[in-house]
Enquirer: 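Dropping the structure in here first, questions after.
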Amino acid sequence: MPPVTTRSDPRTAGNASRRSRPERVAEAIKSWVVAENMAPGDKLPGEQELIERFGMAKGTIREAMRLLEAQGLVRTRTGPGGGSFVHAVSEARAQALLGNYFYFKNLTIADIYDLRIALEPELAASLAGRLGEADLAALEANIARYDTPPATADEDRAQHVASLDFHRMLAGYAENPLLGFVIGFMASMLSDITVSRRLYEPRNYDLWRRGRDHQRALVEALRDGDAEAARRTMAAHMRGARDLMEVQEARMARRFLSDR
């Protein structure tokens, strides 16, 4: 069987030429899986068949399969019925991999909120009148986790994280999976930044109160099916949270400089 080739794209030809041979084979295997309409759980051909199909040495095929496994696209099982299988990347894994890309980018609060302000009001409007009572009750139960002001720094940290869970829940209800993924990813990134930079430590009663009150009002707008009120409430929530979180970020920066 002749080696499988992939159609070149002049826009990416330069990048392809810089890839290692195993990387090019891994891309060819992915293209072949799509062309064959394979689904998660389907078994891939054995090593010898892959060698013949792609016209590559055993070592190259093995390294290509290791790359696909590291990407989460292939899972290997040993023993009876074992082999290599097509695997769907989980949302949590995809967010973790994307988070690694931004690890050294030194994102600011403003960077994240610029995107949140653009996207989250539209998500809120799209959900108005579409969520069932069980979904709305779940959102209200999440708000109850920070219904009273935090008494300690640990409680403050936990409440910050819980308040961002509210937005991850909304993202999970999105009809547009890409929109839901991006918003959920931003909430996860903000949660990580809040904890790693200890932005919860300067106590800020306004941040807690305004966030809770906006979320309560948002749930009511969603229950009433009022898309414009949902959009307006989420926009105010995002702008207010950005302003107050930037204050937190500046206060922590000053604390760091004073401690040096």
Side-chain angles (χ1 to χ4, degrees), residues 1-13 15-103 115 119-120 122-123 126-127 130-132 134-135 138 165 167-189 192:
M1 184 176 294
V4 171
T5 58
T6 57
R7 185 168 50 193
S8 63
D9 185 333
R11 295 170 300 178
T12 59
N15 290 335
S17 67
R18 290 193 292 270
R19 292 174 179 168
S20 68
R21 184 171 295 174
E23 288 174 328
R24 295 198 299 273
V25 173
E27 287 299 315
I29 293 173
K30 286 196 291 186
S31 297
W32 178 77
V33 166
V34 172
E36 292 294 310
N37 293 315
M38 298 183 75
D42 288 348
K43 189 173 184 178
L44 290 165
E47 183 176 85
Q48 188 56 43
E49 185 176 339
L50 289 174
I51 290 171
E52 296 172 1
R53 181 175 296 277
F54 293 97
M56 292 292 174
K58 179 188 295 186
T60 300
I61 293 295
R62 288 185 174 179
E63 182 59 27
M65 293 299 287
R66 280 194 288 268
L67 288 172
L68 292 173
E69 191 163 11
Q71 294 170 14
L73 296 169
V74 167
R75 176 164 289 179
T76 301
R77 297 201 301 263
T78 58
S84 295
F85 299 83
V86 177
H87 183 65
V89 179
S90 70
E91 182 174 314
R93 181 175 176 82
Q95 289 184 351
L97 292 171
L98 187 55
N100 288 342
Y101 170 78
F102 288 104
Y103 192 78
L115 202 52
L119 297 181
E120 294 208 39
E122 299 311 309
L123 171 64
S126 74
L127 296 178
R130 197 172 65 79
L131 300 184
D135 297 328
D165 285 343
H167 296 273
R168 280 190 282 260
M169 293 170 69
L170 289 177
Y173 300 138
E175 288 187 310
N176 182 326
L178 180 58
L179 179 63
F181 176 84
V182 171
I183 289 175
F185 172 69
M186 289 189 296
S188 295
M189 286 288 291
D192 290 344

Enquirer: List the steps, then state whether side chain to side chain contact (heavy atoms under 4.5 Å, CB included) holds for Leu131 with Tyr173.
Expert: CA-CA 8 Å; Leu131 300 184; Tyr173 300 138; 3.8 Å; yes
Enquirer: Taking NZ, NE, NH1 and NH2 as the nitrogens, is one of them in Glu27 or Lys30 under 4.0 Å from a carboxylate oxygen of the other?
Expert: yes
Enquirer: Yes or no on side chain to side chain contact (heavy atoms under 4.5 Å, CB included) for Met65 and Glu47, after CA distance, side-chain angles and deciding distance?
Expert: CA-CA 9 Å; Met65 293 299 287; Glu47 183 176 85; over 6 Å; no
Enquirer: Which heavy atom of Lys43 sits nearest to which heavy atom of Met38, and what is that distance?
Expert: O-CE, 3.4 Å
Enquirer: For the residue pair Ala174 and Leu123, what are the closest heavy atoms and their distance?
Expert: CB-CD1, 3.6 Å
Enquirer: How close do Pro40 and Ala88 get, counting heavy atoms only, and between which atoms?
Expert: CG-CB, 3.7 Å
Enquirer: To the nearest 0.5 Å, tell me how far Thr60 OG1 sits from Lys58 NZ.
Expert: 12.0 Å
Enquirer: Nearest 0.5 angstrom please: Glu49 CD to Leu44 CG, how far?
Expert: 10.0 Å
Enquirer: So how far is it from Ser126 OG to Leu179 CG, rounded to the nearest 0.5 Å?
Expert: 6.5 Å
Enquirer: Mind checking the CD1-CD spacing from Ile29 to Glu36? Nearest 0.5 Å is all I need.
Expert: 13.0 Å
Enquirer: Test of understanding: with side chain to side chain donor-acceptor pair (under 3.5 Å), list the residues that count as partners of Arg66, not counting sequence neighbours.
Expert: Glu63
Enquirer: So which atom in Ala26 and which in Leu68 form the shortest heavy-atom distance, rounded to 0.1 Å?
Expert: O-CD2, 3.8 Å
Enquirer: If you measure from CG on Leu115 to CE on Met189, what distance do you get to the nearest 0.5 Å?
Expert: 11.5 Å
Enquirer: Distance-only check: which donor-acceptor pairs under 3.5 Å involve side-chain atoms of residues 92-103, not counting sequence neighbours?
Expert:
unit_1 : atom_1 : unit_2 : atom_2 : d
Arg93  : NH2    : Ala70  : O      : 2.2
Gln95  : OE1    : Ser188 : OG     : 3.3
Gln95  : NE2    : Glu91  : OE2    : 3.4

Enquirer: Minimum heavy-atom separation for Met56 to Ile51, with atom names?
Expert: O-CG2, 3.1 Å
Enquirer: Please report, to 0.1 Å, the donor-acceptor pairs under 3.5 Å made by any side chain of residues 73-84, with sequence neighbours excluded.
Expert:
unit_1 : atom_1 : unit_2 : atom_2 : d
Arg75  : NH2    : His87  : NE2    : 3.4
Thr76  : OG1    : Ser84  : OG     : 3.4

Enquirer: Do Arg130 and Glu175 touch side chain to side chain, with heavy atoms closer than 4.5 Å?
Expert: yes
Enquirer: To the nearest 0.5 Å, how far apart are CZ in Arg19 and CG in Leu67?
Expert: 11.0 Å
Enquirer: Looking only at heavy atoms, which two atoms of Ala171 and Ile183 are closest? And how far apart?
Expert: CB-CG2, 4.0 Å
